[in-house]
Amino acid sequence: MNFQLLSLLLLPSALAQTAPNPILTALGTITSDTTSLNTTVATFNGDPLALIKITVQSAQLLSDINKGTDTANKAANLTLDQTLAIATATLALATDVNQTITTIINTKPKFDKLLVVDPVILLNLKLEQDATRKFSAAVVAKVPEALQSVAQGLTQGIDDSFSEGIAVYEQFL
Ligand SMILES: *[C@@H]1O[C@H](CO)[C@@H](O)[C@H](O)[C@H]1NC(C)=O
Ligand SMILES: *[C@@H]1O[C@H](CO)[C@@H](O)[C@H](O)[C@H]1NC(C)=O
Ligand SMILES: *[C@@H]1O[C@H](CO)[C@@H](O)[C@H](O)[C@H]1NC(C)=O
């Protein structure tokens, strides 16, 4: 057997192992954006430069959620294995979103002292919740039909976290 034929035969399994599912990649990007934002908000000390960083990182997160929706819309239907991997990543993201929004809620007293900040945070939370709903719907549509309601349930916790943050930032406005 010559080398070229051998590599052709090996190629499909090698590809299956190395090519990550694009929806899983998008979830990884969104998760890392979320964690970065969490760190910046958690260490906020009133510095205007840190405020700019929070704004930039929020915009990056929003943009990556919207890109994820495009990716999911274009993606092929998910296999069972891919669905399980995405369910696991979604649960991990839900924990990170819970912690990040908790951090954003806990930092509100510091933001309250700077007049314009609260409305900007509120607007970002609303935009991100809306974008996340679209992303979730696009992903759920690619899950095997029998598992779609379970998948929908997994994303509900993320939506609830946003609603909790929005309710806190809507006070006194
Ligand atoms: C978010 O920040 C809080 C406060 O520093 C920390 O306890 C938590 O582990 C962080 N979570 C993530 C996902 O970064
Ligand atoms: C993808 O799955 C949906 C059901 O969730 C089905 O309606 C659609 O035909 C499937 N598309 C392909 C290309 O298999
Ligand atoms: C985070 O999760 C805890 C435990 O389930 C819950 O009590 C809390 O309301 C959640 N907070 C946010 C902002 O999602």
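Just so you know, these numbers come straight off a predicted model, no measurement behind them. Both ligands and their constituent atoms are indexed starting at 1 by order of listing. Only this structure's heavy atoms are used, side chains among them; waters, hydrogens and symmetry mates stay out.
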Any atom of ligand 2 sitting under 4.0 Å from a heavy atom of A141?
yes
Could you tell me whether ligand 2 has any atom less than 4.0 Å away from a heavy atom of K142?
no
Show me which atoms of ligand 2 lie under 4.0 Å from any heavy atom of E145.
4 (C)
Per-atom filter on ligand 2: closer than 4.0 angstrom to a heavy atom of Q148 are 5 (O)
With a 4.0 Å cut-off on N to O distance, would you call [X] and [Y] a salt bridge?
X: K126; Y: E170; result: yes
X: K67; Y: D70; result: no
X: D130; Y: K134; result: yes

Sub-3.5 Å N/O-N/O distance, N38 and ligand 1:
yes
Ligand 1 and D96, any nitrogen or oxygen pair closer than 3.5 angstrom?
no
Would you check if [X] and [Y] make a side-chain contact, meaning some heavy-atom pair closer than 4.5 Å?
X: T102; Y: N106; result: yes
X: K53; Y: V56; result: no
X: D159; Y: T132; result: no
X: N21; Y: T25; result: no
X: Q57; Y: D33; result: no

Quick one: look up the protein heavy atom nearest [atom] and list residue, atom name and how far away it is.
atom: atom 5 (O) of ligand 1; result: A42 CB, 3.5 Å
atom: atom 9 (O) of ligand 1; result: Q99 OE1, 3.5 Å
atom: atom 4 (C) of ligand 3; result: N98 ND2, 4.5 Å
atom: atom 3 (C) of ligand 2; result: N77 ND2, 3.8 Å

Closer than 4.0 angstrom: is that true for some heavy atom of T35 and an atom of ligand 1?
yes
For I86 and L27, what are the C-alpha separation, side-chain angles and deciding distance, and is it a side-chain contact (heavy atoms from CB on, under 4.5 Å)?
CA-CA 8 Å; I86 284 166; L27 271 168; 3.8 Å; yes
Using a strict 4.0 Å cut-off to heavy atoms of S161, name the atoms of ligand 3 that fall inside it.
12 (C), 14 (O)
Which of the atoms of ligand 1 are close to T103, meaning less than 4.0 Å from one of its heavy atoms?
1 (C), 2 (O), 3 (C)
Protein heavy atoms: any of them under 4.0 Å from [atom]?
atom: atom 14 (O) of ligand 2; answer: yes
atom: atom 11 (N) of ligand 3; answer: yes
atom: atom 7 (O) of ligand 3; answer: no
atom: atom 1 (C) of ligand 3; answer: yes

In terms of side-chain heavy atoms, does Q129 have a donor or acceptor partner in S163 at a distance below 3.5 Å?
yes
Scan side-chain atoms only and decide if D64 and T29 contain a donor-acceptor pair under the 3.5 Å cut-off.
no
